[in-house]
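What follows is a set of notes on a single structure, which appears directly below.
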Amino acid sequence: MEPNAGTAIYPLHRCKTIHLVRHAQGVHNVEGEMDHSAYMKPEFFDARVTPLGWNQVDCLREHVKKIGLAEKIELVICSPLLRTMQTAVGVFGGENYTNGISGSPLMVENAADSGRPAISNLNCPPFLAVEACRERLGVHPCDKRRSVTEYRTLFPAIDFSLIENDEDVLWVPDVRETLESLGQRGMKFIDWLWTREEKEIAIVTHSGLLWHTLRMYSKECHPTVRHEVSKYFANCELRSLVLVDRSMLGSDSPSYNYPGKIPNGVDLPSDVSDKKHLEEEAQEGTESV
């Protein structure tokens, strides 16, 4: 039987499963998807999730719980903007937070006028805000973030320690990030995931970053697979992918592998049999030369 060039085998410890989620509908999406110039409106600064968007969040939360994904995810990474953090904690966070529960909530009650109850950080994975997975930078006010100080009052249990500057120094009002730069930034972000120990990671981010990043990653795939991987994300869409380390980026050692034949010793029948088999193979090879 001839091998199939379209298949490949990789060690399990060189693979991660990433669960990509685009944020729920934001207030800027309502007008912006009908008239792209609406994204320029100052009132859409750091756009929050709409009431319809919160319904989308509730539906996705029910889905990830129903299929058992909620128990598998070890880390949730989110872009540090209102709509992504609201989506992340709404989908993957704990149940409603009540006074007396130890620890800080993931989101306080009515954060950003959401009308939503506080969300607990109990029985859920840790949450980490990462700037590298933000939406395309510049010009559009909806893609400018607030200060980390303000975010910490709204999302007390999200970890913002990887964000170097309190204020947003990446967004500028008159220069839009190039699409090539956006895709390269997304690829660097995906490569960075290999520095993490977690094997199942949820990432809540934006349509632009997802589309341009996945298009670059899927260039060598079969056209059908490329279409499946890189098609545009709907609001609150979840897509799960396997990330394979083909370039030795990660340093994890195999955790499931077992060396076998323990203890070793020449007196064991299995060792004798193996040695005899190797000697016979070597002799056959010599005779065929």
Side-chain angles (χ1 to χ4, degrees), residues 18 20-24 26-29 32 39-49 75-90 92-93 103-108 111-114 119 121 125-198 201-213 249:
I18 56 175
L20 303 176
V21 178
R22 181 192 175 192
H23 63 80
V27 293
H28 64 310
N29 294 139
Y39 289 122
M40 297 292 294
K41 289 187 175 182
E43 59 263 37
F44 292 150
F45 161 65
D46 192 16
R48 66 184 184 276
V49 169
L75 175 69
V76 178
I77 294 175
C78 53
S79 159
L81 289 170
L82 270 180
R83 58 191 183 273
T84 40
M85 291 188 289
Q86 287 178 321
T87 301
V89 300
F92 301 108
S104 302
L106 277 169
M107 186 179 79
V108 300
D113 299 320
S114 64
I119 297 175
N121 70 341
F127 286 69
L128 180 65
V130 178
E131 295 232 77
C133 64
R134 284 176 61 176
E135 183 58 294
R136 189 180 179 188
L137 298 165
V139 181
H140 293 172
C142 57
D143 299 327
K144 178 176 172 60
R145 70 166 173 81
R146 301 165 195 261
S147 69
V148 172
T149 299
E150 184 174 355
Y151 282 148
R152 281 185 170 135
T153 66
L154 301 175
F155 305 96
I158 291 182
D159 183 355
F160 295 96
S161 63
L162 294 184
I163 299 180
E164 297 180 358
N165 298 285
D166 187 50
E167 298 294 335
D168 188 356
V169 299
L170 300 177
W171 186 95
V172 292
D174 54 353
V175 179
R176 189 78 164 144
E177 184 179 18
T178 67
L179 296 179
E180 181 180 1
S181 173
L182 176 62
Q184 291 291 342
R185 172 160 62 86
M187 293 182 73
K188 288 181 180 178
F189 165 71
I190 296 296
D191 284 348
W192 170 80
L193 294 177
W194 289 110
T195 69
R196 304 292 312 185
E197 295 180 355
E198 298 86 359
I201 302 174
I203 300 162
V204 184
T205 181
H206 306 267
S207 59
L209 180 123
L210 286 168
W211 193 65
H212 289 283
T213 302
L249 293 171

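Heavy-atom basis, side chains included; hydrogens, waters and symmetry copies ignored.
- Checking side-chain atoms of Arg48 against main-chain N and O of Val27 turns up no donor-acceptor pair under 3.5 Å.
- Rounding to the nearest 0.5 Å gives a distance of 5.0 Å between CD1 of Ile201 and CG of Leu193.
- Residues Ile77 and Cys133 meet the side-chain proximity criterion, which asks for heavy atoms closer than 4.5 Å.
- Remark: Asp46 CG to Trp171 CH2 distance equals 11.5 Å, nearest 0.5 Å.
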Start with the C-alpha gap between Leu154 and Met107, add the side-chain angles, then the distance that decides, and say whether side chain to side chain contact (heavy atoms under 4.5 Å, CB included) holds.
CA-CA 6 Å; Leu154 301 175; Met107 186 179 79; 5.8 Å; no

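- Judged by distance alone, with hydrogens and angles left aside, the side-chain atoms of Asp168 form a donor-acceptor pair with the main-chain N or O of Leu170 at under 3.5 Å.
- Residue Asn121 holds its CG atom at 5.0 Å from CG of Leu106, rounded to the nearest 0.5 Å.
- Contact record, Ala157 with Ser104: CB-O, 3.6 Å, taken as the closest heavy-atom pair.
- At least one donor-acceptor pair closer than 3.5 Å links the side chain of Thr87 to the backbone N or O of Ala24.
- Annotation: Glu43, atom CD; neighbour count of heavy atoms from other residues, nucleotides and ligands within 6.0 Å is above 12.
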Between Tyr151 and Ile158, is the side chain to side chain contact (heavy atoms under 4.5 Å, CB included) condition met? List the steps.
CA-CA 9 Å; Tyr151 282 148; Ile158 291 182; over 6 Å; no

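- One finds the CG atom of Leu209 at 7.0 Å from the CD atom of Glu135 (value rounded to the nearest 0.5 Å).
- Counting heavy atoms from C-beta outward, Phe160 and Val130 have side chains that stay 4.5 Å or more apart.
- Of the candidates Glu177, Glu131, His212, Glu177 is the only one forming a side-chain hydrogen bond (donor to acceptor under 3.5 Å, both in side chains) with Arg185.
- Residues Phe189 and Thr205 fail the side-chain proximity criterion, which asks for heavy atoms closer than 4.5 Å.
- Side-chain atoms of Arg145 and Ile163, non-hydrogen and from C-beta on, do get closer than 4.5 Å to each other.
- Taking the side chain as every heavy atom from C-beta outward, Leu75 and Pro126 approach each other to under 4.5 Å.
- The heavy-atom pair separating His28 from Cys142 by the smallest distance is CD2-SG, 3.6 Å.
- A donor atom on one side chain and an acceptor atom on the other are found under 3.5 Å apart for His140 and Arg176.
- At least one donor-acceptor pair under 3.5 Å links the side chain of Asp166 to the backbone N or O of Thr149.
- Side-chain contact between Leu182 and His206 is absent, with no heavy atoms from C-beta onward closer than 4.5 Å.
- With values rounded to the nearest 0.5 angstrom, Arg136 atom CZ is found 9.5 Å from Ser181 atom OG.
- Going from atom CD1 of Ile203 over to atom OG1 of Thr84 covers 12.5 Å, rounded to the nearest 0.5 Å.
- Between Arg146 and Leu82, some side-chain heavy-atom pair lies under the 4.5 Å cut-off.
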